[in-house]
Amino acid sequence: MSSNPILSTLKSPNRLGYLLVEQGVITLEQLNKAIDIQNREPTKGKRKLGEILVTDLGINRDKVFSTIATLYAFKTVDLELTPFTQEQLDSIKSFYDNISERNRDTLLDRKILVLPGNNQRQTIILTPDPTERDLSDIVTDLGIKRYEIVYCKLESLQNVIQQLYPVKNEFLQILEETTKSIEVISEEPTAIDEEALDAEINQSLLVNLIEGCLVEGVRQGASDIHIIPLAGNVTEFYFRLDGKLRLWHRQDGIKPEAIAAVVKDRSKNVDRFERDMAQDGFIQRKIDDHMMRFRVSIIPIVGQEFDRKLESIVIRIIDDRKVITDLEKLGLQPQAKADYLKAISAPQGMVILTGPTGSGKSTTLMGALYYVITPEKCVLTVEEPVEYLIKGARQIKISHKLDFDAAIRAILRHDPDIVMVGEMRDKKTAELGIKLANTGHLTFSTLHTNDAPSAVSRLYKMGIEPFLIAYAINIIVAQRLIRTLCVHCKRPMEKNQLERAALLRAGFTEQEIEETEFFAPVGCSKCNSGWKGRTAIHEALYFHKDIREFILASKEDVNEAGIRDLAIKHGMLTLRQSGLHRVKSGVTTVEEVLSATTDE
């Protein structure tokens, strides 16, 4: 074996690693990296090669351990193809319920499933790692004499264990135990009895529910919490995860007005007794040793029971741990990144981020601000409300005595070098932003438009003259967020599975279809139905000289198509093209890109 040219290049002899290379599961470079990591670890507690390949180098776990199982002649079972029968699930549950708590915790912690045998058949031990060193000791400790060890994918085992022993939310469990005795009132009076509402709040421990909801929202990585009142004393709680709303909890038997009252009581700048107008407030909580901010939006809505005063509540989770301070992590593609850096490095001019609410505009602006902030520069921001605290910037506090417009005017007298205006919402705000950009200040702001060229016509329609637009703006970046495939379970698609006509309509060429490996979502224990996280796609319209001249010459007739064509000649990717690049790199799917972009 040592005469093999591949094996001779290994940094240390490792037969298992060589076999994984030979099977095409890993590359020689990956094996050498894993061996380096293994050799640096202390002898006591040194991890196995397979664990290092999966944990440190991101190799697909199932590919590594299923190959190892085959090499060691262990059988393999696929629970997705041959799921357990109800009888088998009952047998496993009965076995686990009748062993010691210590043994049960050990099995569940190692994700090991025991399918008990009888006189006719031996016990089957399903494990995600059949080479685990102390596996035989664990089985012997259970008193099992005749058994067979079988490999099974970790995600499949986790799914079965979750089915047998679902994890309970401690807050919901407390609430459920407490509210069993609550009497549901079938007829609602037209006037709200505040004392009765307080009594219901105290009796039902709704505070636990709301506080638990905030904690779980943070821990699950939700961007927003939606609290929606329904008919019949029902309230549903949704978390927005990776851009999609997912039901977290459904509360029956408690008045939605009581739940709304608890949220209001725990929010600043909100009147609990006001139920006929929209309100905005905020909550601060220390969760897992980190100070979190929650922005609360409350609006009155109409329900099936017209005499009730119901309110919809949305709570935005502001986690400054997610703020990107490194421009490299924004995911800008090469041309967009080069243009963006050029624009924000200029001593003056305007940088505009555009896109719908929730498209990550603030994140991209933060990355730019942290890139240009230095102690030698005065950086001022005007936002309503202030969401993230920016180190090195002076963030103006908006109040009834200093409104948004007055704050922007005050900035001009405060000797700034860099200014961030939260949003150009009207002509007055836009004019002040343009004035700042034209008087030697680097100015950042946002707009709500569908793409970058339409931001030009939007500013014109606000009343800004074309010559001011042409010479004040450095760059306009349109942005969208799209979901990314889970790296642990995404599945490559066969060419015969592709809908070529749809791919051609999306913008791919025949050659690109042949050269691209397309992936599909699957779903595992580490993701949300095959999706995990989001990434940005960008359309960066840099104001080259000919684009400035084109806008200036257009006068009252702003030609968005002409601006786009000129920008594309300079290398700009449209939002759709940017998204298709993400598909080519295996990050997302064509369907996801199409859902977030329109035909150019």
Side-chain angles (χ1 to χ4, degrees), residues 340 343-344 346 348-362 364-365 368-369 380-385 396 398 402-413 416 418-480 538-544 547-567 572 574-575 598 600:
Y340 195 53
I344 67 176
Q348 65 185 51
M350 178 165 273
V351 175
I352 299 175
L353 267 291
T354 184
T357 301
S359 59
K361 299 187 296 295
S362 296
T364 304
L365 277 183
L369 276 175
L380 300 175
T381 77
V382 185
E383 309 155 80
E384 190 181 5
I396 297 173
I398 302 299
L402 180 66
D403 63 16
F404 194 82
D405 295 338
I408 293 178
R409 288 194 297 272
I411 277 181
L412 293 168
R413 302 185 296 274
I418 299 170
V419 176
M420 185 176 83
V421 179
E423 180 188 343
M424 289 187 289
R425 54 185 71 182
D426 52 33
K427 180 182 178 181
K428 188 184 296 183
T429 312
E431 282 180 337
L432 287 167
I434 293 287
K435 184 176 181 180
L436 283 164
N438 272 328
T439 53
H441 306 93
L442 183 61
T443 308
F444 296 88
S445 192
T446 65
L447 264 177
H448 287 279
T449 61
N450 290 328
D451 56 21
S454 62
V456 176
S457 58
R458 173 72 190 281
L459 287 170
Y460 175 73
K461 288 173 184 175
M462 279 184 177
I464 308 300
E465 294 294 336
F467 75 90
L468 290 173
I469 297 172
Y471 291 106
I473 298 173
N474 296 347
I475 194 171
I476 301 173
V477 180
Q479 180 167 306
R480 296 290 187 280
H538 303 93
E539 180 178 275
L541 171 59
Y542 185 80
F543 276 47
H544 296 275
I547 290 177
R548 295 185 192 277
E549 291 174 351
F550 185 87
I551 294 171
L552 190 61
S554 65
K555 297 183 180 178
E556 291 81 16
D557 183 24
V558 177
N559 185 347
E560 293 179 19
I563 296 171
R564 181 182 293 106
D565 291 342
L566 267 177
M572 182 189 85
T574 65
L575 283 168
T598 55
E600 284 83 25

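This one's a predicted model, so the numbers in the text were calculated from it and none came from an experiment.
Partners of Asp565 according to the side chain to side chain contact (heavy atoms under 4.5 Å, CB included) rule, which considers only residues two or more places apart in sequence or in another chain, do not exist here. Applying the side-chain hydrogen bond (donor to acceptor under 3.5 Å, both in side chains) test to Thr364 and every residue at least two apart in sequence or in another chain returns Gln479. Residues meeting the side chain to side chain contact (heavy atoms under 4.5 Å, CB included) test with Ala430, sequence neighbours left out: Met424, Leu459, Met462, Ile464. The side-chain hydrogen bond (donor to acceptor under 3.5 Å, both in side chains) check on Ser362 picks up nothing, with sequence neighbours excluded. With sequence neighbours excluded, the residues that form a salt bridge (charged side-chain N to carboxylate O under 4.0 Å, His left out) with Arg425 are Glu384. By the side-chain hydrogen bond (donor to acceptor under 3.5 Å, both in side chains) test, Asp426 pairs with Thr429, sequence neighbours left out. By the side-chain hydrogen bond (donor to acceptor under 3.5 Å, both in side chains) test, Thr354 pairs with Thr449, sequence neighbours left out. Among residues two or more places apart in sequence or in another chain, the side chain to side chain contact (heavy atoms under 4.5 Å, CB included) test is passed with Lys427 by Glu431. Remark: Thr381 engages Glu383, Ile390, Ala393, Gln395, Met420 in a side chain to side chain contact (heavy atoms under 4.5 Å, CB included) (not counting sequence neighbours). Residues meeting the ring pair (Phe, Tyr, Trp, His ring centres under 6.0 Å) test with His544, sequence neighbours left out: Tyr542, His570.
By the 4.5 Å heavy-atom criterion applied to side chains, Leu432 and Leu412 are counted as neighbours. Using a 4.5 Å heavy-atom threshold, the side chains of Tyr340 and Val477 count as touching. No side-chain heavy atom of Ile475 sits under 4.5 Å from any side-chain heavy atom of Phe543. Contact check for Leu436 versus Asn438: no side-chain heavy atoms found under the 4.5 Å cut-off. Proximity of His448 to Thr357: side-chain heavy atoms (C-beta onward) are separated by under 4.5 Å at one or more points. Between Val419 and Leu442 the shortest side-chain heavy-atom distance does not fall below 4.5 Å.
For Ala346 against Asn474, the heavy-atom pair with the smallest separation is CB-ND2, 3.7 Å. Contact record, Ala407 with Ile396: CB-CG2, 4.0 Å, taken as the closest heavy-atom pair.
A side-chain hydrogen bond (donor to acceptor under 3.5 Å, both in side chains) check over residues 455-472, counting only residues at least two apart or in different chains, returns the pairs Ser457-Glu560. Sequence neighbours left out, the pairs with a member in residues 436-455 that pass salt bridge (charged side-chain N to carboxylate O under 4.0 Å, His left out) are Asp451-Arg564.
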